[in-house]
There are 2 protein chains.
Amino acid sequence: MHILERIPQESARDFAFRVLKENIVSLELKPGTLISENEMAMELGVSRTPVREAIIDLSKVSIIETVPQRGSFVAYIDPKMVEESRFLRKVLDKAVIEVACDIASKEYIDALEENVHLQEFYLEKSDTEKIFTLDNLFHELIYSAAQKDIIYDMRSTMMLHFDRVRTLSVEAVKDLKIVNDHRSMLEAIKSHDKEAAVALVEKHLNRYSFDEDRIREEFPEYFK
Amino acid sequence: MHILERIPQESARDFAFRVLKENIVSLELKPGTLISENEMAMELGVSRTPVREAIIDLSKVSIIETVPQRGSFVAYIDPKMVEESRFLRKVLDKAVIEVACDIASKEYIDALEENVHLQEFYLEKSDTEKIFTLDNLFHELIYSAAQKDIIYDMRSTMMLHFDRVRTLSVEAVKDLKIVNDHRSMLEAIKSHDKEAAVALVEKHLNRYSFDEDRIREEFPEYFK
DNA sequence: TCTAGTCTACTTGTATACTAGTGTATCTAT
DNA sequence: ATAGATACACTAGTATACAAGTAGACTAGA
């Protein structure tokens, strides 16, 4: 497992949660791996309690499976769960951007404006890493603008299923297209054009295809 | 706090979670109340650990607010959160019933059929309690039929915000209408009529109105 | 009367100890 | 050699102990 740096003042629980999440999505922790609370506590330099609490959180969305008295395992890739997370994202993103079109305040519009501007800036420099971070922030901002913050949290945790298969997809989505999508979405929000916004989200999400058959063939050991 | 009976083989954590949930929704635990992990552990006859884990869960959706080194408090009714939960339900219920129209298996159709039949049975007997339980099960069955079980869990926890103001609403929704709605939804699912199903959900949810001003006037101490 | 300080009684966060169950490897008996 | 019993090493669930911080009551002094 790849141990991240602990952020100052970060609680042990949040730390453990963050490390677990990263390692699962990046497939550093392979599906089927046993996560020992004890071992992980040692590695992180914290006690079992916060590690355990983080594991419980992730069990909630079935990305970790806990069998009493046996262990906690990284869940195998389950197409049903991938579909469930993709479904959740599509449904929520569309509904939320509509609300954002209605009620986004100038404050958030400005934040989105800056965000997209930076995306375009780093697109110029081909800094995919930065764009990835800004991408996530962009969507979070929309949820905030629509005052749907708790829902965003749920979406994030659930998206782990999808993020993890995205790690396996060779076919990288072109940054150019993504950034363009975001620019268009922002313009739609600014002009309160709900219909356009929803259509853009639909198109945006369709860029992330999930070729289950290919991935299953290439990484059969990751599937149940 | 009203202590429920512990179900055999129920884990201490699930038990604590269930008791907390019930007491918060029923307003037995009033908004603003301090929930002491220690005290609750004593009352339930378990240790702090499972109680704490239950509290963490509920903090996730902001129905409990935990301030480090100060305490965990039952959150005041926050119209923003009520709206967020109502929004989540509306968006998900509509999207999920569409899926159910597409893929509900005979097994689930049968289960729904039995469920609605029982609702009609208890409607005859005016057993509101039973209908309430069957009502919840009905919606859970639809989510299961659409293979969206994790999403249903999220919805449930988030709905606590809404369920709690529903407790305060005097205007009881008529059982007759509810049961009729359910019957119609089932028929829509059986005939794969997505449009009708979505329209029914919309109508169904509109029955649950939330007169914030009135409730706020009547119970000002429950609001922040 | 007011203010500064201190003490107490609480809280959560974290660490550790104990319990009970599971799977495996090993040993024993046939 | 094989089947069954058994010991062991691990697990998660729960209980308890300790650390660190907060709020409020109380006291002493001006």
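Just so it is clear: chains get the letters A, B, ... in the order the sequence lines come, proteins before strands, and each one is counted from 1. Keep in mind that what you see is a predicted model, and the values were worked out from it rather than measured.
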Interatomic distance where CD belongs to A:E37 and C1' belongs to C:dT19 [whole Å] | 15 Å
Could you tell me whether A:E84 and A:K80 have a side-chain N and a carboxylate O separated by less than 4.0 Å?
-> no
For the pair made of CZ in A:F73 and P in C:dT22, what is the distance, rounded to whole Å?
-> 13 Å
Assert: residue with more 5' nearest nucleotide on DNA chain C, out of B:I55 and A:V46, is B:I55
For the side chain of B:S47, starting at C-beta, report the closest nucleotide among C:dT14, D:dT11, D:dT14.
-> D:dT14
Distance check: side-chain N/O of A:S11 vs OP1/OP2 of C:dG13, anything under 4.0 Å?
-> no
Tell me which of B:R48 and A:P68 sits closer to the 5' end of DNA chain D, going by the nucleotide each one is nearest to.
-> A:P68
D:dG21, D:dT14, C:dA15: which one has an atom nearest the side-chain heavy atoms of A:T49?
-> C:dA15
To the nearest angstrom, how far is B:R52 atom CZ from D:dT14 atom P?
-> 15 Å
If only side-chain N and O atoms of A:R70 are considered, is one of them under 4.0 Å from the OP1 or OP2 phosphate oxygen of D:dC10?
-> no
Write down the distance between CD (B:E53) and P (D:dT16), rounded to a whole number of angstrom.
-> 15 Å
Could you check whether the rings of B:Y222 and B:F219 sit parallel, tilted or perpendicular, using 30° and 60° as the cut-offs?
-> parallel
Between B:K30 and B:E221, is there a side-chain N and carboxylate O pair less than 4.0 Å apart?
-> no
Which part of the nucleic acid, if any, lies within reach of A:I56 when heavy atoms closer than 4.0 Å are counted: base, sugar-phosphate only, or nothing?
-> nothing
Whole-Å distance between D:dA12 C1' and A:I64 CD1?
-> 13 Å
Salt-bridge test for B:D93 and B:R155: reply yes if a basic N is under 4.0 Å from a carboxylate O, no otherwise.
-> yes
Take the protein atom CE of A:M42 and the nucleotide atom P of D:dT11, then report the distance between them rounded to whole Å.
-> 11 Å
Rounding to a whole Å, what distance do you find between B:Q9:CD and C:dG21:P?
-> 11 Å
Would you kindly check if the NZ (Lys) or CZ (Arg) of B:K148 is within the cone defined by 45 degrees around the ring axis of A:F87 and under 6.0 Å from the six-membered ring centre?
-> yes
For the side chain of B:N38, starting at C-beta, report the closest nucleotide among C:dT14, C:dT11, C:dT22.
-> C:dT11
Is B:Q69 side chain donor-acceptor paired with the C:dT12 base, going by distance under 3.5 Å alone?
-> yes
In whole angstrom, what separates B:E10's CD from D:dG13's C1'?
-> 14 Å
